Amino acid sequence: QVQLVESGGGSVQAGQSLRLSCVVSGDLYNRQCLGWFRQAPGKEREGVATIYALDTGPVGSYYADSVKGRFTISHDSANNTAFLEMNNLKPDDTAMYYCATIRNPYGSTWCRSTLGRPTVFKYWGQGTQVTVSS
């Protein structure tokens, strides 16, 4: 059974930074698509960033337009941990942030497409709250 545990959320002022972590444990996937998603109250869950990760290292990373240039997704294959570095945070970034993973035998293009399709992910963490005040 795969388990994901997020950490690193908090309350910050606009313009500040946060780094989220997601430790993936359980069945070792040597070819996975990892994603960060967020959901604000009253809104649908939306994709933030995804990364196509092999056990030898990441192959490609993909971002929602709203976070391009501000957020960076990465993956430590040795510890199977995903990160989301969030810079220049804005009040609109306030949401519960979730990480998710799924085995990905289909490659980079498929992983990019999952940004808009959170339902394809099989395993999810419990979420970590990010609050940005102006």
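Keep in mind the model is a prediction, meaning the values are calculated, not measured.
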When you measure from the side chain of Thr101 to the backbone of Leu34, do you find a donor-acceptor pair of N or O atoms at a distance under 3.5 Å? no

Euclidean distance, Ser134 OG relative to Asp92 CG, rounded to 0.5 Å: 10.5 Å

Under 4.5 Å between side-chain heavy atoms, hopping through other hydrophobics if needed: is there a path connecting Val130 to Val12? yes

Exercise: identify the closest heavy-atom pair between Tyr98 and Gly125: CD2-O, 3.7 Å

Check whether the side chains of Arg31 and Tyr52 place a donor and an acceptor atom closer than 3.5 Å, and report yes or no. yes

Looking only at non-hydrogen atoms, find the nearest pair between Ser133 and Pro91 and report the distance. C-CG, 4.5 Å

Taking all atoms of both residues into account, what is the closest heavy-atom pair of Pro58 and Ile51, and its distance? CB-CD1, 3.6 Å

Within-4.5 Å side-chain heavy-atom neighbours: Gln32 and Arg103: no

Main-chain N/O of Cys99 paired with Glu6 side-chain donor or acceptor, under 3.5 Å: yes

Do the side chain of Asp76 and the main chain of Ala78 share a donor and acceptor less than 3.5 angstrom apart? yes

Can you tell me if Tyr123 uses its side chain to pair, donor with acceptor, with the backbone of Gln1 under 3.5 Å? no

Should the pair Lys90-Asp93 be classified as a salt bridge under the 4.0 Å nitrogen-to-oxygen rule? no

Would you kindly say whether Arg112 and Ser108 are connected by a side-chain donor-acceptor distance under 3.5 Å? no

Interatomic distance, OG@Ser25 vs CG@Asn79, rounded to 0.5 Å, equals 12.0 Å

With a 4.5 Å limit on heavy-atom distance, are the side chains of Tyr97 and Gln129 in contact? no

Would a single hydrophobic cluster contain both Tyr63 and Phe83, if residues Ile, Leu, Val, Met, Phe, Trp and Tyr are joined by side-chain heavy-atom contacts under 4.5 Å? no

Check whether the side chains of Asn87 and Ser17 place a donor and an acceptor atom closer than 3.5 Å, and report yes or no. yes

With hydrophobic residues grouped by side-chain heavy-atom distances under 4.5 Å, do Val2 and Val5 end up in a single group? no

In this structure, CD of Gln126 is separated from SG of Cys22 (nearest 0.5 Å) by 8.5 Å

Which heavy atom of Leu54 sits nearest a heavy atom of Ser77, and at what distance? O-CB, 3.9 Å

Thr94 side chain vs Thr131 backbone, donor-acceptor pair below 3.5 Å: no

Does some side-chain heavy atom of Gln3 sit less than 4.5 Å from a side-chain heavy atom of Trp124? no

Sequence neighbours excluded, every pair satisfying side chain to side chain donor-acceptor pair (under 3.5 Å) that has a member inside residues 39-48: Arg38-Glu46, Gln39-Arg45

State the CD1-NZ distance between Ile102 and Lys122, to the nearest 0.5 angstrom. 7.5 Å

Is Val120 reachable from Phe37 through a run of hydrophobic residues whose side-chain heavy atoms are each under 4.5 Å from the next? yes

What are the two closest non-hydrogen atoms of Ser7 and Thr128, and how far apart are they? C-OG1, 4.2 Å

Verify the cluster assignment for Val23 and Leu84: are they in a single hydrophobic cluster under the rule of side-chain heavy atoms below 4.5 Å apart? no

So which atom in Ala64 and which in Gly47 form the shortest heavy-atom distance, rounded to 0.1 Å? CB-O, 3.4 Å

Is the distance between the ring centroids of Phe71 and Trp36 under 6.0 Å? no

Any donor-acceptor pair under 3.5 Å from Glu85 side chain to Thr72 backbone: no

Check whether any side-chain heavy atom of Gln16 lies under 4.5 Å from a side-chain heavy atom of Leu89, and answer yes or no. no

